[in-house]
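No experiment lies behind these values; they were computed from the predicted model shown.
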There are 2 protein chains.
Amino acid sequence: MRELFAPLRTETAYQQVCELIEEKILGRALHPGDALPTETELARQFAVNRSTVREALRALESRGLVTRAPGSKRLRVARPAAAAVADGVSRALVLHQITFLQVWEAMMLLEPELAALAARRRSATQLAALEQTALALADEPALPAEEAVEHTVRFFSLLGEACGNHALEIAAEPLTRLLRPTLSRMIDEVPQARQRIAGAQRRLLAALGRRDAVQAREWMIKHIRDFRRGYELAGIALDARVETAAASR
Amino acid sequence: MRELFAPLRTETAYQQVCELIEEKILGRALHPGDALPTETELARQFAVNRSTVREALRALESRGLVTRAPGSKRLRVARPAAAAVADGVSRALVLHQITFLQVWEAMMLLEPELAALAARRRSATQLAALEQTALALADEPALPAEEAVEHTVRFFSLLGEACGNHALEIAAEPLTRLLRPTLSRMIDEVPQARQRIAGAQRRLLAALGRRDAVQAREWMIKHIRDFRRGYELAGIALDARVETAAASR
DNA sequence: ACTTCCATTTTGTCGGACAATCCGACCAAA
DNA sequence: TTTGGTCGGATTGTCCGACAAAATGGAAGT
């Protein structure tokens, strides 16, 4: 069954440069925060043109492996932030024509357990951050839909952080992100949505405060169920493709 | 609480080019499979230099939004393959110093439900593909560890496809990918590992064939538990950081 | 219809160039 | 000692032009 020869892949120079640097980063020869050599220096070391190095750097940048501190020139090694990774995943999901129903199903599976874990493991500061976000939503009943969505999404992100498992956090992040565009519509059309969300968050927080995993799970289930009901009330088709903010711009 | 000024962000030319093209893709103005204009043409339209366009293209390429067909020059619009996305996620997880235990916890949460869904939704061809992969592992008791790992990982990937939910598929894919390096060691050190894996796969397949979601879930739970036991037997520390293949090269 | 061959296009890489701006150091004033 | 100003060098972003290798498209031949 196995062929004599595998298709040989000739790598272009910028791909090699990219991979070599990536290996150094993943192999921890370069630590997050370290400054990369300058482009000219890299060009010298690899014995290629600076343009070639730049192309490699743009690829690495796009993977979140190197970033530049805001208002700085030099590139530094970074560990991809959850947000950056989530961007990539949600782009993919959009192009794969994910429906809201699929996102919902995945959230229904992940978030309750994630909430249960968070109940056990959350730190005091994480709880405080969650409370602050929830308050921002609950205190202002007339918040513009966009901002209400931001707070809702942020609540999920913080919960992800609090669950103490980066793998789960990063798996869950893209899902809430995909809710953003449609959630905004839903909140606009369903008057009671804000209160329902705020209410669920309050109960969830109470459970998290008591480190009550069972109740946290329960309330998250109800919370997620509510989303679906909200969508149905708003007349948003559940099998409609989710979009990104970028695409609707 | 809010500051008067937000940090202003000036976008460089290549970032703008990158974003503009990305928007067209995500907004479905460009469909997967479509050929992108040539670099010179893009440079003309954006009124920038070709080098600038190239940097943008490298970024898009790295995001999996455009790829080049093997042995072809022209870039085509693509939807990021699950594998490409998973690469990004697993890179991130490695740099976030994920432990095997966290990966295991996440898998324990996702995979059983994923198996249950697959039992309900798998197509005949998907089942056949799964069976083929399982056979490849079961038939050759003396397979090199590397290949046994490939088959094991592939089995999970196929199961992801079969679950009928791209969101879950893409969430689960990076996890199994992270098993690869250590799994290889485990299979080498624990003689009965191959049989345990093959056995679990066989039972799982039987359940999938009968569309028995409950049994599928059960066997998957046992399967995942087995992994942990295997690691313990092999003396691999559960809180050791997972690595990538690239990093260990 | 199927190959074969050639001219054209396109990409990958190179060299060099220049303005903008970031960095660090040095110095002056409060 | 801290704050603010100035200055030169280093680095990046962008441009221009060039060329070999490879892919593409089409014409020509069978």
Side-chain angles (χ1 to χ4, degrees), chain A residues 5-22 24-25 30-78 84, chain B residues 4-22 24-25 30-78:
Chain A
F5 295 113
L8 59 81
R9 55 193 188 98
T10 63
E11 283 192 332
T12 60
Y14 71 83
Q15 286 170 338
Q16 290 183 47
V17 170
C18 182
E19 276 187 30
L20 288 170
I21 299 180
E22 179 176 326
K24 281 274 185 282
I25 297 178
L30 291 169
H31 299 278
D34 288 0
L36 237 58
T38 65
E39 296 176 353
T40 328
E41 174 59 17
L42 285 172
R44 191 190 63 76
Q45 290 188 25
F46 287 114
V48 296
N49 193 272
R50 187 160 77 97
S51 307
T52 307
V53 169
R54 294 195 111 241
E55 294 187 31
L57 290 180
R58 292 299 87 85
L60 290 172
E61 205 178 3
S62 176
R63 294 175 199 185
L65 288 177
V66 304
T67 55
R68 105 187 59 253
S72 166
K73 298 194 125 164
R74 309 194 61 175
L75 284 173
R76 307 187 156 278
V77 175
Chain B
L4 185 52
F5 295 113
L8 58 79
R9 55 190 190 96
T10 60
E11 281 194 332
T12 61
Y14 71 84
Q15 285 170 338
Q16 289 184 50
V17 170
C18 182
E19 276 187 31
L20 288 169
I21 299 179
E22 180 176 326
K24 283 271 186 283
I25 297 178
L30 289 169
H31 299 278
D34 288 0
L36 238 58
T38 64
E39 295 175 353
T40 327
E41 174 60 16
L42 285 172
R44 192 189 62 75
Q45 290 187 25
F46 288 115
V48 296
N49 192 273
R50 188 160 77 96
S51 307
T52 307
V53 170
R54 293 192 113 242
E55 293 188 31
L57 290 180
R58 292 300 86 85
L60 290 172
E61 207 178 0
S62 175
R63 294 174 200 185
L65 288 176
V66 304
T67 55
R68 110 188 63 250
S72 165
K73 299 193 121 163
R74 310 197 63 175
L75 284 173
R76 309 187 155 279
V77 176

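In terms of position on DNA chain C, the residue among B:Arg74 and A:Ala47 whose nearest nucleotide sits closer to the 5' end is B:Arg74. Comparing B:Thr52 and A:Lys73 along DNA chain D, the residue whose closest nucleotide (by nearest heavy atom) sits nearer the 5' end is A:Lys73.
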Checklist entry - For B:Val77 and B:Leu65, what are the C-alpha separation, side-chain angles and deciding distance, and is it a side-chain contact (heavy atoms from CB on, under 4.5 Å)? => result CA-CA 6 Å; B:Val77 176; B:Leu65 288 176; over 6 Å; no
Next on the checklist: Test side-chain contact (heavy atoms from CB on, under 4.5 Å) on A:Ile25 and A:Val66; report intermediate values, then the result.
Outcome noted: CA-CA 9 Å; A:Ile25 297 178; A:Val66 304; 4.1 Å; yes
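When rounded to the nearest whole Å, the span between CG of B:Leu75 and P of D:dA23 equals 14 Å. We find that CD of A:Gln15 is positioned 15 Å from P of C:dT11, with the value rounded to whole Å. As rounded to whole Å, 5 Å separates atom P of C:dG12 from atom OH of A:Tyr14. Put simply, CD on B:Glu61 is 12 Å from C1' on C:dG12, counting in whole angstrom units. B:Glu55 places its CD atom 8 Å from the C1' atom of D:dG13, with the value rounded to the nearest Å. Residue A:Phe46 contributes atom CZ, which lies 13 Å from atom P of C:dT13 at whole-angstrom precision. Per the geometry, CZ belonging to A:Arg44 stands 19 Å off C1' belonging to C:dT13, to the nearest Å. Atom-to-atom, CG of B:Leu42 to P of D:dC15 comes out at 14 Å; the value is rounded to the nearest Å.
Dashed line: the shortest gap from a side-chain N or O of B:Asn49 to OP1 or OP2 of D:dC16 is under 4.0 Å. For the pair A:Ser72 and C:dC23, the criterion of a side-chain N or O lying under 4.0 Å from OP1 or OP2 is met. At C:dT11, none of the side-chain N or O atoms of B:Arg68 fall inside 4.0 Å of OP1 or OP2 (strictly under the cut-off).
Residue A:Ser51 has its side chain nearest to C:dC14 when only C:dA17, C:dC14, C:dT11 are considered. Comparing atom distances between the B:Thr38 side chain and each of C:dT13, C:dT10, D:dT11 picks out C:dT10 as nearest.
Between B:Arg63 and B:Glu22, some side-chain heavy-atom pair lies under the 4.5 Å cut-off.
Remark: the backbone N or O of A:Gly33 is paired with a side-chain donor or acceptor of A:Arg76 at under 3.5 angstrom.
In this structure, A:Arg54 reaches the bases: a heavy-atom distance under 4.0 Å links it to at least one base atom across the strands shown.
When all heavy atoms are compared, the tightest approach of B:Ser62 to A:Ala59 is OG-O, 3.1 Å.
Looking at A:Arg50, its side chain comes within 3.5 Å of the base of D:dG13 through a donor and an acceptor atom.
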